[in-house]
Engineer: 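Below you'll find the structure I mean.
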Amino acid sequence: MVSLIATDVFHGLLPVLQGPLQLAAATPARITSVMPFRGRAGAVQTALGRMGLGLPEPGQSREGKAAAILWSGRGQAFLLDADPEPLAGIAALTDQSDAWAVMRLTGPGWDQVLSRLVALDLRPSGFPEGAVARSGLNHMNALFRRLADGVEIWVFRSMAATAVEELAGAMARVAARG
Amino acid sequence: MRITCPLCGSRDRREFYYYGAADYLARPAEGAGLEAWDAYLHLRDNPAGMTKDLWYHEAGCSAWIEVTRDTTSHAVLSSRLVAAVESADLPGRSAPARKKAAPRKKKGTS
């Protein structure tokens with residue numbers, strides 16, 4: 001396969017540092033959307049099980065040794081950093097590796113940053129590690145995954161610069177409050 | 001206003017796109033008469049009370065949802081996935097958290 005030179009999704013806008021808060025690029029090398037064909041969810045579950053994963057329930061994710069899988073919508077999951085070949089024929093597979101811009105927001109107060117932009121309670125108490133939510137980052141469609149020390153924020157690649165600007169602004173205002 | 005998505009839980013109304021009355025789910029069969037199509041496309045009740053309509057969770061999980069709500073109190077009473085259960089969900093959650101809509105009460109004039 002021809003290998004092309006990849007361009008940085010964020011064009012050098014990241015990382016952003018504001019006091020104890022950090023926003024860094026974290027786009028997985030390979031993203032494949034998995035949508036089980038009608039009546040084949042069981043087969044997909046089995047195939048993913050052999051990969052050390054499984055189909056995540058709504059709002060959940062699963063971590064394997066090298067790969068991970070996130071629930072990403074109704075009847076859909078994102079397989080990360082794994083070859084989707086074992087799922088061929090039982091699920092609709094789409095390579096979305098270049099479609100998403102993924103950031104990691106970490107540091108104390110990350111939840112206060114999100115509360116300025118997301119109409120959803122993403123505080124640690126209600127959004128435990130591994131939890132996933134589809135919602136809006138201001139007016140952008142986004143996906144959130146809770147990490148041990150912060151949150152992963154996914155937006156469409158075309159929205160990368162806007163998302164960084166919105167998040168950097170919110171980070172500055174949270175950091176300014178000390 | 002908040003709407004409960006059967007998959008995502010309680011969400012802000014701004015995450016949803018309004019489509020119209022749930023009558024759109026009852027599409028006439030192929031070869032149905034003109035009257036059936038006319039009713040399907042154009043004739044709608046305008047109830048003071050319980051009504052059902054379709055919402056799309058566009059800034060969320062992309063599910064179509066049938067929402068039962070009260071036009072007089074603005075209360076959102078229940079919601080369910082429009083898609084068949086078979087394809088609607090992933091295993092481990094065989095039956096989506098759907099609430100049964102309360103039976104249609106005839107209020108006032110009938």
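Chain naming here is simple, since letters A, B, ... match the order of the sequence lines and numbering starts at 1 in each.
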Engineer: Would you say A/L147 and A/L21 are hydrophobically clustered, going by side-chain heavy atoms of ILVMFWY under 4.5 Å?
Structural biologist: no
Engineer: Transitively linked via ILVMFWY side-chain contacts under 4.5 Å: B/Y24 with B/Y17?
Structural biologist: yes
Engineer: For B/R11 and A/R134, which heavy atoms make the closest approach, and how far apart are they?
Structural biologist: NH1-O, 2.5 Å
Engineer: Please name the pair of heavy atoms, one in B/E15 and one in A/G136, separated by the smallest distance, quoted to 0.1 Å.
Structural biologist: OE2-N, 4.2 Å
Engineer: Rounded to the nearest 0.5 Å, how far apart are CG of A/N141 and OG of B/S62?
Structural biologist: 7.5 Å
Engineer: Could you give the distance from NE2 (B/H57) to OG (A/S135), rounded to the nearest 0.5 Å?
Structural biologist: 6.5 Å
Engineer: Under a 4.5 Å side-chain heavy-atom rule over Ile, Leu, Val, Met, Phe, Trp and Tyr, are A/V9 and A/W100 clustered together?
Structural biologist: yes
Engineer: Distance-only, no hydrogens or angles: does the B/D12 side chain make a donor-acceptor pair with backbone N or O of A/L120 under 3.5 Å?
Structural biologist: no
Engineer: Hydrophobic clusters here meaning ILVMFWY residues chained together by side-chain heavy-atom distances under 4.5 Å, can you tell me if B/M1 and B/I65 are in one?
Structural biologist: yes
Engineer: Between B/C61, B/A63, B/G9, which residue shows the highest count of heavy-atom pairs closer than 4.5 Å to chain A?
Structural biologist: B/C61
Engineer: Under 4.5 Å between side-chain heavy atoms, hopping through other hydrophobics if needed: is there a path connecting A/V151 to A/M140?
Structural biologist: yes
Engineer: Kindly compute the distance separating CG (B/L7) from CD (A/E57), expressed to the nearest 0.5 Å.
Structural biologist: 11.0 Å
